Amino acid sequence: MELIVLGCSGSGAGPHSAASGYLVRAGDTCLVLDLGNGAFGVLQRHMDPFELDAVVLSHLHPDHCADVSGLIVHRRYHPDGPGKILPLHGPTESEVRLAVAYAPSSDERVATDLSDVFVHRPFALGPTAVGPMALRTSPVDHPCEAYGVRLEHEGHTLVYSGDTGPCRELVDLARGADVLLCESTWSDSPDRPSGVHLSGRQAGRAARDAEVGRLLLTHVPAWADAEALLAEAREEFEGPAELVVPDGVYEI
């Protein structure tokens with residue numbers, strides 16, 4: 001598999017990066033993991049959006065799904081459209097959330113129908129596949145319905161934390177993965193609220209406990225000290241660890 005970072009800025013787009021968005025390729029199959037603010041524009045630098053095979057949303061905060069509206073417009077109104085209907089894997093209320101984001105008024109919300117663009121496949125239905133990639137998820141610890149995502153292809157595994165506080169579910173999902181793409185939003189402190197995000201130290205601890213091969217840190221807000229978060233992670237995890245960068249390409 002190949003992982004391409006469309007955006008890695010935490011909690012919203014930053015001056016040098018879009019918000020969360022990742023393109024994953026396996027053979028001829030392409031999916032996006034999240035599509036936050038600015039990520040759809042970057043996607044177009046790497047591929048034709050009509051060649052996407054699926055959208056996977058870890059949760060429904062805007063910095064992880066806001067640019068789905070842009071993808072809808074592109075597929076509906078581009079001269080080459082409308083294209084095939086895309087599977088959209090995500091939380092239970094994905095259809096409602098995306099319709100509300102797309103509709104410009106409450107009156108139009110009543111008539112908004114995205115079924116010409118997406119078919120919703122809720123995570124609650126259990127494991128599935130996108131082309132040759134096996135897709136499995138687990139609920140994680142965040143203020144809304146949120147999931148970590150595990151993708152497997154030909155013996156290689158990528159796990160994406162989504163947004164989460166420390167939780168056993170993430171460690172279990174990431175067990176033995178080749179790569180853990182893990183959020184790291186703030187520095188470690190006992191004053192941080194629980195059930196929201198990970199510190200660099202907590203991300204490193206999750207990677208260590210899950211015995212992953214490599215740790216990629218992401219979701220660092222523009223105001224955070226990214227190198228300090230990486231240093232925290234490396235104090236807990238002895239394997240390879242690095243900060244992802246916009247447009248970065250990582251082989252799994």
Side-chain angles (χ1 to χ4, degrees), residues 1 3-13 17-24 30-40 43 52-69 71 86-98 101 118 120-130 133-152 157-167 169-174 177 179-185 195-198 202-203 206-207 210 215-221 244 252:
M1 287 184 288
L3 168 69
I4 299 173
V5 176
L6 308 177
C8 53
S9 179
S11 302
S17 175
S20 294
Y22 312 93
L23 173 62
V24 180
C30 298
L31 64 80
V32 286
L33 274 174
D34 289 345
L35 205 61
N37 318 69
F40 178 61
L43 174 68
L52 269 179
D53 295 292
V55 174
V56 180
L57 299 178
S58 66
H59 66 292
L60 300 175
H61 279 147
D63 59 316
H64 292 258
C65 71
D67 267 22
V68 173
S69 291
L71 176 61
L86 284 176
L88 187 143
H89 304 268
T92 307
E93 295 187 358
S94 294
E95 288 179 297
V96 174
R97 175 72 175 90
L98 297 175
F118 298 119
H120 183 212
R121 296 181 177 171
F123 290 145
L125 295 179
T128 185
V130 178
M133 288 180 275
L135 169 63
R136 181 159 63 90
T137 63
S138 179
V140 291
D141 195 8
H142 201 54
C144 64
E145 184 184 356
Y147 295 83
V149 177
R150 184 180 179 106
L151 294 170
E152 299 181 3
T157 304
L158 167 66
V159 172
Y160 171 46
S161 68
D163 281 7
T164 182
C167 62
E169 290 82 358
L170 174 61
V171 173
D172 290 343
L173 185 70
V179 172
L180 173 59
L181 176 64
C182 192
E183 74 119 287
S184 177
T185 301
V196 183
H197 290 297
L198 296 171
Q202 290 165 336
L215 174 62
L216 300 178
L217 293 183
T218 190
H219 199 271
V220 178
V244 299
I252 312 298

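Being a predicted model, the structure only gives us computed values, none of them experimental. Just so you know, these numbers use all the heavy atoms, side chains as well, and skip hydrogens, waters and symmetry mates.
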Provide the closest heavy-atom pair for [X] versus [Y] in the form atom of the first, atom of the second, distance.
| X | Y | result |
| --- | --- | --- |
| M1 | L158 | CE-N, 3.7 Å |
| C65 | L60 | SG-O, 3.6 Å |
| A203 | L215 | O-CD2, 4.2 Å |
| A13 | S9 | C-OG, 3.7 Å |
| P91 | S58 | CG-O, 4.0 Å |
| A19 | A39 | O-CB, 4.2 Å |

At what distance, to the nearest 0.5 angstrom, does [atom1] of [X] lie from [atom2] of [Y]?
| X | Y | atom1 | atom2 | result |
| --- | --- | --- | --- | --- |
| R121 | L88 | CZ | CG | 10.0 Å |
| R136 | L173 | CZ | CG | 5.5 Å |
| L216 | S184 | CG | OG | 12.5 Å |
| E152 | I252 | CD | CD1 | 12.5 Å |
| L35 | D63 | CG | CG | 12.0 Å |
| H59 | Y147 | NE2 | OH | 12.5 Å |

Do [X] and [Y] make a side-chain contact, defined as non-hydrogen atoms from C-beta onward lying under 4.5 Å apart?
| X | Y | result |
| --- | --- | --- |
| D34 | Y160 | yes |
| C182 | H219 | no |
| C30 | L23 | yes |
| V140 | S161 | no |
| L86 | D53 | no |
| L31 | L151 | yes |
| D67 | L43 | no |
| L71 | F118 | yes |

Exercise. Under 3.5 Å, is there a donor-acceptor pair between the side chain of E183 and the main chain of T164?
Worked result: yes
Exercise. For the side chain of T218 and the backbone of V244, is there at least one donor-acceptor N/O pair under 3.5 Å apart?
Worked result: no
For this session: State whether the number of non-hydrogen atoms from other residues, nucleotides or ligands found under 6.0 Å of E145 atom CD is greater than 12.
Result: yes
Exercise. Between V24 and V130, does a side chain to side chain contact (heavy atoms under 4.5 Å, CB included) hold up when you go through it step by step?
Worked result: CA-CA 11 Å; V24 180; V130 178; over 6 Å; no
Problem set entry | For V196, all residues meeting side-chain contact (heavy atoms from CB on, under 4.5 Å), sequence neighbours excluded | H142, P143, W186, P193
For this session: Would you check, one step at a time, whether the test side chain to side chain contact (heavy atoms under 4.5 Å, CB included) holds for S138 with D172?
Result: CA-CA 9 Å; S138 179; D172 290 343; over 6 Å; no
Problem set entry | Any donor-acceptor N or O pair under 3.5 Å, side chains D163, H64 | yes
For this session: Begin with the C-alpha distance, continue with both residues' side-chain angles, and end with the deciding distance and a verdict on side chain to side chain contact (heavy atoms under 4.5 Å, CB included) for Y22 and I4.
Result: CA-CA 6 Å; Y22 312 93; I4 299 173; over 6 Å; no
